[in-house]
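Since the model is a prediction, treat every value here as computed from it, not as a measurement. Along the sequence shown, residues are numbered consecutively beginning with 1. As a basis for the values below, the full set of heavy atoms in this structure was taken, side chains included, without hydrogen atoms, waters or symmetry mates.
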Amino acid sequence: GAAPSFSTQQKRDPAQLPEVSLSLLKAGKMPSRKLFAYRGGSAGEAYENGMAAILVRHPQASFLIDAGYGANVAQHWQTIPWTLRKLSTYVKETPAAAQLQQHGIAVNFAVITHSHWDHISGLEDFPGLEVRMPNAERAFIEAHKYPGLIDQMIGKLNVRTFDFTGGAYEN
């Protein structure tokens, strides 16, 4: 394939860039077996997936990347395939919305990486919040290629789509 192209714009001094922080908001876990987590994983070894939201704080906006498990994770769990429910379980922790409220932090929007239930469950706890997703993900959802929780939520979400067409950002 072709080599990636990078912007030739002049690099800026990192000391002059705006301060940005990232925080991991742990909102649950999914204990399972390595066999189900990655190719070549052992059926006899335990593996624990963390379900979280990432809080990005930037001078122009604060936003979430994914939302982790939400307050209604027990109901959301019922939307996943039966075999997955039999082969794993979930552990509920404090949802991202509750953590943010506890610390007086507001977010301007959320970006979802993809529409699997464990990435969107917490969106329900942010009524009216703008949810940004790539156009390709919205098309995937509308094609019902992976039915589940997103089908129940999509009509209630304030969705704004985007494409990855821009060049490099800052450095």
Side-chain angles (χ1 to χ4, degrees), residues 20-39 41-58 61-162:
V20 176
S21 70
L22 301 174
S23 301
L24 185 66
L25 307 176
K26 297 178 181 180
K29 300 175 213 172
M30 182 185 268
S32 185
R33 296 280 158 200
K34 288 184 178 181
L35 171 72
F36 303 115
Y38 57 87
R39 186 174 296 134
S42 166
E45 292 184 73
Y47 185 83
E48 189 170 85
N49 284 307
M51 306 305 166
I54 298 170
L55 171 64
V56 179
R57 297 177 89 178
H58 184 282
S62 291
F63 62 95
L64 294 177
I65 300 175
D66 290 335
Y69 289 162
N72 294 321
V73 67
Q75 294 168 326
H76 300 164
W77 176 256
Q78 298 305 314
T79 68
I80 67 173
W82 179 86
T83 51
L84 184 56
R85 282 183 284 152
K86 295 302 171 196
L87 296 172
S88 62
T89 187
Y90 71 92
V91 176
K92 181 180 179 180
E93 295 178 329
T94 305
Q99 292 180 55
L100 293 173
Q101 183 178 22
Q102 184 177 34
H103 294 285
I105 299 170
V107 292
N108 302 92
F109 58 91
V111 177
I112 62 167
T113 58
H114 61 288
S115 57
H116 286 172
W117 80 280
D118 53 326
H119 291 254
I120 65 164
S121 173
L123 291 177
E124 185 174 81
D125 302 338
F126 295 93
L129 183 67
E130 184 178 286
V131 176
R132 298 180 183 182
M133 68 178 71
N135 281 317
E137 186 66 17
R138 180 65 187 250
F140 182 84
I141 293 165
E142 290 173 358
H144 301 290
K145 294 188 181 211
Y146 190 82
L149 180 60
I150 191 63
D151 295 311
Q152 296 173 19
M153 293 177 77
I154 194 71
K156 300 172 191 170
L157 298 176
N158 177 16
V159 175
R160 180 175 166 197
T161 58
F162 63 88

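In this structure, CD1 in Ile54 is found 9.5 Å from CZ in Phe63, a value given to the nearest 0.5 Å. Considering CG of Leu157 and CZ of Arg138, their distance stands at 8.5 Å, rounded to 0.5 Å. Distance check, rounded to the nearest 0.5 Å: CG of Asn49 to CZ of Phe36 gives 12.0 Å. Here the straight-line distance linking atom CG of Asn158 with atom CZ of Phe109 works out to 12.5 Å at 0.5 Å rounding. Summarising the geometry, atom OG belonging to Ser23 is positioned 7.0 Å from atom CZ belonging to Arg57; distances are rounded to the nearest 0.5 Å.
In this structure, Lys26 places its NZ atom where only 12 or fewer heavy-atom neighbours from other residues, nucleotides or ligands lie under 6.0 Å away.
Residue pairs meeting the side-chain hydrogen bond (donor to acceptor under 3.5 Å, both in side chains) criterion with at least one partner in residues 62-72, sequence neighbours excluded, are Asp66-Thr113, Asp66-His119, Asn72-Glu124. Listed by first then second residue, pairs satisfying side-chain hydrogen bond (donor to acceptor under 3.5 Å, both in side chains) with a partner in residues 95-105 number zero, not counting sequence neighbours.
At distances below 3.5 Å, at least one donor-acceptor pair connects side-chain atoms of Arg85 with backbone N or O atoms of Ile80. Ser32 contributes no side-chain N or O that, together with a main-chain N or O of Tyr47, makes up a donor-acceptor pair within less than 3.5 Å. Between the side chain of Asp118 and the backbone N or O of Met51 there is no donor-acceptor pair closer than 3.5 Å. Remark: side-chain polar atoms of Thr79 are paired, donor with acceptor, to backbone N or O of His76 under 3.5 angstrom. A donor-acceptor pair is defined here as one N or O able to donate and one able to accept, closer than 3.5 Å; no such pair exists between the side chain of Glu130 and the backbone of Arg160. A distance-only check finds a donor-acceptor pair linking the side chain of Arg33 to the backbone of Gly44 [under 3.5 Å].
Shown here for Leu123 and Ile112, the closest heavy-atom pair between the two residues is CD1-CG2, 3.8 Å.
Residue Leu55 is tested with Leu24, Leu100, Ile65 for a side chain to side chain contact (heavy atoms under 4.5 Å, CB included); the sole match is Leu100.
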